[in-house]
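Only one structure is covered here, and it is reproduced in the block below.
Here the structure is a predicted model, which is why all the values come from computation and not from measurement.
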Amino acid sequence: MTVTLLRRCLAVLAVVLLAVPVAPGVAGAEPEGATLTWTVQPASPSGPDGRRWIERTLDPGQAVTEYLAVRNFSDAAVVFSLKAADGYLTDKGRFNMLASDRPSVDGGTWIAVQEKVTVGAKATTVVPFTITTPKGAAPGDHPAGIAATITSTGGTVAVESRVGFRVMMRVSGTVTATLPVTNLSATYAPSWNPFSSGTIRVRYTVDNDGNVWAAGKSRVTVAELFGLTSQDTTTDVEELLPGGTRTLESRVGGVWALGRLRTTVEVTPAMLGGDQAGADIRRTSATVTTWALPWSQLALAMLLAALLLGIRTVRRQRRRRLALLLDRARDEGRASVVAVKDS
């Protein structure tokens, strides 16, 4: 029974840690019935310095000292645990750091900070921490997060609450920004109004195969009539960390179903943060071909053809009836003339 309860507690703890975002802000917790509220943000030795997060470009083997400020808004002194971990972006594009039960393997291991800090009631404490870049560190971005945490043990479940900020560490050297397109698919959705064009629905994946934090612009172009005409639209590609991926969808209207449709997605990346001088910015593209037939227009043409054929048939039948009536009238006229002569 005790082992089962412990497993449940650990599972709930992992879920809570994964769900708590790491960003400059205010967090609240209620350990042992007391409401605690606190915030953590980048700082100078004298206090918070207004930065949302920390960005540093470092050489391999270089060490620097930075500062964080923990502000306790509560009515009593609180002991906070200070932790650093690898950073990542969630599916919704929000920055987070690995949960406490997941080991860091990159930037999170480069940050050394004291394990605990006591902050008085309504007070702010500045804490130094050190970033040390390994001598063999690869060029590019190595994101991490640093946070102040409190673990509450109400009932049988331990809940860790944390708040912090991102630490973007860029190792000097050759940096590359590239966002290749994969898993490209296009589907034509016709309009059942034969006088209206249809829409191409495009779905694709953008991968950050470079070594830096990047965003970008995606342009989707649909070529019709073997390239004689085209329609296009643009979409913003939100920030992606190295190794990150995001699935996007676009719709291009004004497309007529005239046979082969070539859909091309071109992504132009933009490196975020740091000095962009000398960066290798690579534009990428992918193309897929879709065949679309003008079914509604064909149906309208068949309907018009049937209507014209019907009108033509009716006119022929009327002409034949009229000719028969004229022939009958002539025959009757001739018969009446012969009858008069005979009499």
Same apolar cluster: Ile111 and Val64, side chain cutoff 4.5 Å: yes
Closest heavy-atom pair, Arg51 versus Ala43, reported as atoms and distance to 0.1 Å, is NH2-O, 3.4 Å
Does a side chain donor of either Thr264 or Thr287 reach within less than 3.5 Å of an acceptor in the other side chain? yes
Could you pull out the closest heavy-atom pair between Pro60 and Ala137, with the gap in Å? CG-O, 4.2 Å
Evaluate the side-chain proximity of Thr149 to Phe80: yes if any heavy-atom separation is below 4.5 Å, no if none is. no
Can a donor-acceptor pair be found between the side chains of Ser44 and Ser46 at a distance below 3.5 Å? yes
Hey, quick one: are Val126 and Ile54 part of the same hydrophobic cluster, counting side-chain heavy atoms closer than 4.5 Å, chains of contacts allowed? no
Tell me if a side-chain donor or acceptor on Asp232 pairs with a main-chain N or O of Val220 at a distance below 3.5 Å. no
Any donor-acceptor N or O pair under 3.5 Å, side chains Thr109, Ser104: no
Which pair of heavy atoms, one from Ala186 and one from Thr290, lies closest together, and at what distance? O-OG1, 3.4 Å
For a quick check under 3.5 Å, do Lys217 and Thr268 share a side-chain donor-acceptor pair by atom type? no
Heavy-atom closest pair (Gly107 atom, Met169 atom, distance to 0.1 Å) is O-CE, 3.4 Å
Flag yes if more than 12 heavy atoms outside Glu115 fall under 6.0 Å of its CD atom; otherwise flag no. no
Check each of Thr178, Thr284, Thr245 against Asp207 using the side chain to side chain donor-acceptor pair (under 3.5 Å) test, and report the only one that passes. Thr245
Verdict with reasoning, Gln41 to Leu68, per side-chain contact (heavy atoms from CB on, under 4.5 Å): CA-CA 6 Å; Gln41 59 194 112; Leu68 62 86; over 6 Å; no
Less than 4.5 Å apart, side chain to side chain, heavy atoms only: is that true for Trp291 and Leu261? no
Ile146 CD1 to Phe165 CZ distance, which is reported to the nearest 0.5 Å: 5.5 Å
Heavy-atom distance under 4.5 Å between the side chains of Val212 and Arg170, does that happen here? yes
Test of ring centre spacing under 6.0 Å for Phe73 and Trp38: no
Atom pair OG1 (Thr313) and CZ (Arg315), whose distance is rounded to the nearest 0.5 Å: 11.0 Å
Can you confirm whether Arg262 sits close enough to Val222 that some side-chain heavy atom of one is under 4.5 Å from a side-chain heavy atom of the other? no
Looking at every non-hydrogen atom in both residues, tell me the closest pair between Asp59 and Thr133 and how far apart they are. O-CB, 3.6 Å
So OH of Tyr88 and CZ of Arg94: to nearest 0.5 Å the spacing works out to 11.0 Å
If I compare all heavy atoms of Val79 with all of Ile150, which pair ends up nearest, and what's the gap? O-CG1, 4.4 Å
Asn208 and side-chain contact (heavy atoms from CB on, under 4.5 Å): which single residue from Asp141, Val237, Leu89, Leu240 fits? Leu240
Consider only side-chain heavy atoms of I, L, V, M, F, W and Y, link residues closer than 4.5 Å, and tell whether Leu241 and Leu272 are in one cluster. yes
Look at the aromatic rings of Trp213 and Trp53 and report parallel, tilted or perpendicular, splitting at 30° and 60°. perpendicular
Does one hydrophobic cluster hold both Leu179 and Leu248, with members joined at side-chain heavy-atom distances below 4.5 Å? yes
Applying the 4.5 Å side-chain criterion to the ILVMFWY set and letting contacts propagate, would Val167 and Val117 be lumped into a single cluster? yes
Any side-chain heavy atom of Arg219 sitting closer than 4.5 Å to one from Val265? no
As an exercise, state the distance from CG of Leu98 to CG of Asp106, rounded to the nearest 0.5 Å. 10.0 Å
Check whether more than 12 heavy atoms from other residues, nucleotides or ligands sit under 6.0 Å from atom CZ of Arg201, and answer yes or no. no
